[in-house]
Amino acid sequence: MTEATTTRSGRRALALGAPAPGETLQRWLYRSLRQAILDGRLAEGALLPGTRALAQQYAMARGTVQLAYDQLLSEGYLQALRGSGTRVSRVLPDASLQAGPALAREPDRPPPGVQPDGPWLRNVGEQVPAFPLRPGSGLPPTFHPHRCDVRGFPIDLWRRLHGRHLRASKLAILSENEAAGLAPLRAAIARHLDLARGVAVSPDQIVILGSVQQALDICLRLLVAPGEAVWMEDPGYPGARQAMQAHGARVVDVALDEDGMRVHEALAQAPDARLAYVTPARQAPMGMALSPERRLALLHWARERGAIVFEDDYDSEYRFAAKPVPALRSMEGAESHVVLAGTFSKLLFPAIRLAFVALPWQLVDPFIRAASLAARNANALSQAVLADFIDDGHFDRHVRRMRRVYAGRAAAFEEAALRHWKGLIEVPPVTAGLDVVTRLVAHEERDAWQRLNAAGLTAFPLERYCAQARLAPSLVMGFAAFDEAAIGEGAKAVAAALRGRP
């Protein structure tokens, strides 16, 4: 049973029951707090202990408590207002859930059987998705980052290209295909990389996958033993860090400055690292490019140590003020030490679930075998359509058109910020990508995030991307998926939410 007593500070000291067998601490804490709220044992407006105090009380990581609180905040069971701490919401997400303990009780858990176990399972047990989606959300809420505008995709053309491959004479495409991916698509990607990214690569060095995340996971399995060091940008893409942690790698968080990853600090911390994860064309999420000097230092380290650099080239095509920054993989001497990964999910539409890697020759065979073992092969029909889409020139035309569209929306975002966010949010010049890091002037990150969520808007706290880094309060905000009218209306709504007006 959950009980609460009041400490001298006036905060609630919670007594919680034991976790169920095999239940993670985060899931137990979330479940226990939610049930206490629904049963009325934690009343409306009740003040919860701070994350540090509760973590100390139950000898758990403060981050575990924060993740449980975050989930309850996002679902509406808690609210966090500046200066008031974290409290139980006055209005719960579903009033029918407040009918009392008999109705609110969760279904009985089945008796525990044989509990699954293993190092990978233990490592992922307390992880939550870095960017959880709302069920059935469809188009993203205004200012949701990392999203392209699917409405700009030529869907009728895509449908016609599908029809080209769904003829009786071409039904072989519906059969099993090679694990590396369809040869026409690999050849089309090789030509595109040569022209657009300056990367000379054979189609035989390219493997088609479902995502860059899958590519990173396979590289970790092939190259890094549990406990070995891996360099990670900090702040950086959370999904990459989670993949490393799930694998059991020793993640070495490397700070950034205006020139990107501080390679000299990485060398001082872990010169024996087996792999480095970087986003050199446009750092995720901060946006700077890795300087030529840092690129050379990174490649020199990889050659000296026999290490691999995993280059996530996630949105390099969308640069508005100048030509795209050359790929790290295009530099002399990089061919044997750089895995270049790219995705079509941000260039075309997320549901396509097609990505690629350009591999050093020594990794081609083991990588294909690992990909076949893990997922057999990516969707062959989508691969065939994409190959035609690239070869017929539609891909280049689409990217050029959307680059112009996104540049216009970046300008509209900057203009709306100047008009509506004075004294609230500062927006730097937006020169590339689908989103931008904005600095909060008058609010802490969690307070701002909670206010925007309550107003039906979405932006991600910068701390979600940080491990050791402690930066000025900021939000990662997207602009690419929203037209100028939506950006203007959204900017007004942000200002009202942060100023506390309905």
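Hydrogens, waters and symmetry mates are skipped; everything else that's a heavy atom, side chains included, is used.
- Two residues are said to be in side-chain contact when any heavy atoms from C-beta on lie closer than 4.5 Å; Val252 and Val230 fail this criterion.
- There is a side-chain donor-acceptor pair under 3.5 Å between Gln66 and Asp70.
- The two residues Ile487 and Phe143 make their nearest non-hydrogen contact at O-CZ, 3.7 Å.
- Electrostatic pairing of Arg241 and Asp253 counts as a salt bridge here, judged by a charged N lying under 4.0 Å from a carboxylate O.
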What's the verdict on salt bridge (charged side-chain N to carboxylate O under 4.0 Å, His left out) for Asp257 and Arg262, showing C-alpha distance, side-chain angles and the deciding distance? CA-CA 7 Å; Asp257 58 24; Arg262 297 178 180 175; 3.6 Å; yes
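- Counted by atom type alone, Gln283 and Glu233 present one or more donor-acceptor pairs between their side chains at under 3.5 Å.
- Ion pairing between Arg282 and Asp435 holds under the 4.0 Å rule for side-chain N and carboxylate O.
- Salt bridge present: Arg451 and Asp447 bring a charged side-chain N and a carboxylate O closer than 4.0 Å.
- Aromatic ring pairs are classed by plane angle as parallel below 30°, tilted from 30° to 60° and perpendicular above 60°; the pair Phe389 and His394 is tilted.
- Within the 3.5 Å criterion, the main-chain N or O of Ala481 finds a donor-acceptor partner in the side chain of Arg151.
- Arg34 has its side chain out of reach of Ile37: every pair of non-hydrogen atoms, C-beta onward, lies at least 4.5 Å apart.
- The closest donor-acceptor contact from the side chain of Ser32 to the backbone of Trp28 lies under 3.5 Å.
- Summarising the geometry of Leu347 relative to Thr343, their closest heavy-atom pair is CD1-O, 3.8 Å, with the distance given to 0.1 Å.
- No side-chain N or O of Arg403 forms a donor-acceptor pair with one of Tyr318 less than 3.5 Å apart.
- Defined by atom type and a distance below 3.5 Å, a donor-acceptor pair is missing between the side-chain atoms of His443 and Gln450.
- Annotation: cation-pi pair Arg464/Phe460 present, NZ/CZ under 6.0 Å from the ring centroid and within 45° of its normal.
- Side-chain contact annotation: Gln35 with Tyr30, donor-acceptor N/O pair under 3.5 Å absent.
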Would you sort out whether Ile189 and Phe344 count as a side-chain contact (heavy atoms from CB on, under 4.5 Å), showing the intermediate values? CA-CA 11 Å; Ile189 291 172; Phe344 294 99; 4.0 Å; yes
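- Here the closest non-hydrogen pair linking Glu265 and Ala255 is OE1-CB, 3.9 Å.
- Rounding to the nearest 0.5 angstrom, the gap separating the CG atom in Leu424 from the CZ atom in Arg439 is 11.5 Å.
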Do any side-chain atoms of residues 470-479 form donor-acceptor pairs under 3.5 angstrom with protein atoms, and if so which ones, sequence neighbours left out?
{"residue": "Arg470", "atom": "NH1", "partner": "Ala467", "partner atom": "O", "Å": "3.4"}
{"residue": "Arg470", "atom": "NH1", "partner": "Gln468", "partner atom": "O", "Å": "3.4"}
{"residue": "Ser474", "atom": "OG", "partner": "Ala472", "partner atom": "O", "Å": "2.8"}

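- Defined by atom type and a distance below 3.5 Å, a donor-acceptor pair is present between the side-chain atoms of Asp312 and Tyr277.
- A centroid separation of 6.0 Å or more is found between the aromatic rings of Trp231 and Phe310.
- Nearest approach of Gly76 to Ser89, heavy atoms of both residues: O-OG, 2.8 Å.
- Between the side chains of Arg197 and Ser316, at least one donor N or O sits under 3.5 Å from an acceptor N or O.
- Here CG of Leu275 is found 6.0 Å from CG of Leu220. Values are rounded to the nearest 0.5 Å.
- Side-chain atoms of Arg319 never come within 3.5 Å of backbone atoms of Val325 as a donor-acceptor pair (strictly under, hydrogens ignored).
- With respect to the salt-bridge test (charged N to carboxylate O, under 4.0 angstrom), the residues Glu463 and Arg446 qualify.
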Run the numbers on Lys346 and Glu317 for salt bridge (charged side-chain N to carboxylate O under 4.0 Å, His left out), then give the verdict. CA-CA 10 Å; Lys346 288 181 171 58; Glu317 305 279 357; over 6 Å; no
